[in-house]
Amino acid sequence: MNYNELIENEDVSFGNMPAEPFLTGLLSAFENRFQACADSFFKEVTWKQFFTIICVNLCKEAPTLNELAGIMGSSHQNVKQILLKLEKVGFVEFVSDEKDKRKQRVQTTKKCMEFCKMNEEESQNRLARLYEGVTQEQLMTTIYVISRMEKNLKNM
């Protein structure tokens, strides 16, 4: 569906809304729908918890809570609450930094890695279905636009 078709939707009145606020709303609505879909897929964790696991695993070394919050684009408090729930189910653990014992680092557990491995194939299948019909050029343009918006957001 293209922008003009969405604007002409009979159920909603967008008036002459410019593309910028429309896209902002579209991103927010997509995030809500994506989260609901992803939450229904995983029985053991929520999408936000799984996203946290992904972010921890992307780090070259176990991140601190503040480092993880920065990567996730979330507050220290929100990430802490997510991590405490993940710790409770045995998916992450807090370990002392070897160089600075005052710092706590977050790492995934063997149980978590087994969970990820068990869900990897179906996760990949769902991602493929999500991006069905999207070309690599469109994908790269979208990544560029959102990255640019992220940069602008940091300067606000």
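Values reported hereafter were calculated over all heavy atoms of this structure, with side chains retained and with hydrogens, waters and symmetry mates removed.
Placement of Leu58 and Ile53 within a single hydrophobic cluster is found when ILVMFWY residues are connected by side-chain heavy-atom separations under 4.5 Å, directly or transitively. Both Leu130 and Ile54 belong to a common hydrophobic cluster when Ile, Leu, Val, Met, Phe, Trp and Tyr are linked at side-chain heavy-atom distances under 4.5 angstrom. At a threshold of 4.5 Å between side-chain heavy atoms, the hydrophobic network of Ile, Leu, Val, Met, Phe, Trp and Tyr places Leu127 and Leu27 in two separate groups. Note on Ile146 and Leu139: separate hydrophobic clusters, where clusters join Ile, Leu, Val, Met, Phe, Trp and Tyr whose side-chain heavy atoms are under 4.5 Å apart, directly or indirectly. If you chain together hydrophobic residues whose side chains sit under 4.5 Å apart, Met113 and Val106 never meet in one group.
No side-chain donor from either of Thr141 and Gln138 sits under 3.5 Å from a side-chain acceptor of the other. If you check the side chains of Asn152 and Arg148, you find a donor sitting under 3.5 Å from an acceptor.
Using a 4.0 Å cut-off between a side-chain N of Lys or Arg and a carboxylate O of Asp or Glu, Arg105 and Glu98 do not qualify as a salt bridge. A salt bridge is absent between Asp97 and Lys99: the closest approach of a Lys/Arg side-chain nitrogen to an acidic carboxylate oxygen does not fall below 4.0 angstrom.
A donor-acceptor contact shorter than 3.5 Å links the side chain of Glu67 to the backbone of Thr64. Although no hydrogens or angles enter the test, the distance criterion places no donor-acceptor pair under 3.5 Å between the side chain of Glu114 and the main chain of Lys111. Side-chain N or O atoms of Lys103 include none that pairs as donor or acceptor with a backbone N or O of Leu65 at under 3.5 Å. Side chain of Ser74 to backbone of Gly70: no donor-acceptor contact under 3.5 angstrom is found.
Within a 6.0 Å sphere centred on NZ of Lys101, other residues, nucleotides and ligands contribute more than 12 heavy atoms.
Remark: Gln49 CD to Leu83 CG distance equals 9.5 Å, nearest 0.5 Å. We find the CG-CG distance between Asn125 and Asn119 to be 11.5 Å, quoted to the nearest 0.5 Å. Note: Thr24 OG1 to Met149 CE = 5.0 Å, rounded to the nearest 0.5 Å. The NE2 atom of His76 lies 10.0 Å from the CG atom of Leu68; values are rounded to the nearest 0.5 Å. Distance check, rounded to the nearest 0.5 Å: CE of Met118 to OG of Ser123 gives 10.0 Å.
For the pair Glu44 and Val89, the minimum side-chain heavy-atom distance is 4.5 Å or more. Phe51 places none of its side-chain heavy atoms less than 4.5 Å from the side chain of Thr46. In this structure the side chain of Ser96 reaches within 4.5 angstrom of the side chain of Gln104, judged on heavy atoms. For the pair Val45 and Leu86, the minimum side-chain heavy-atom distance is below 4.5 Å. The shortest distance between side-chain heavy atoms of Val92 and Gln107 does not fall below 4.5 Å. Residues Trp47 and Cys37 are not in side-chain contact: their nearest non-hydrogen atoms beyond the backbone lie 4.5 Å or more apart. Taking 4.5 Å as the limit, some side-chain heavy atom of Met156 sits within range of a side-chain heavy atom of Leu153. Counting heavy atoms from C-beta on, the side chains of Gln124 and Arg129 never come closer than 4.5 Å.
Thr108 pairs by the side-chain hydrogen bond (donor to acceptor under 3.5 Å, both in side chains) definition with Asn57, not counting sequence neighbours.
The stretch residues 111-156 participates, sequence neighbours left out, in these ring pair (Phe, Tyr, Trp, His ring centres under 6.0 Å) pairs: Phe42-Phe115, Phe91-Phe115.
With a 6.0 Å cutoff to the six-membered ring centre and a 45° limit on the axis angle, Lys43 does not count as a cation-pi contact of Phe50.
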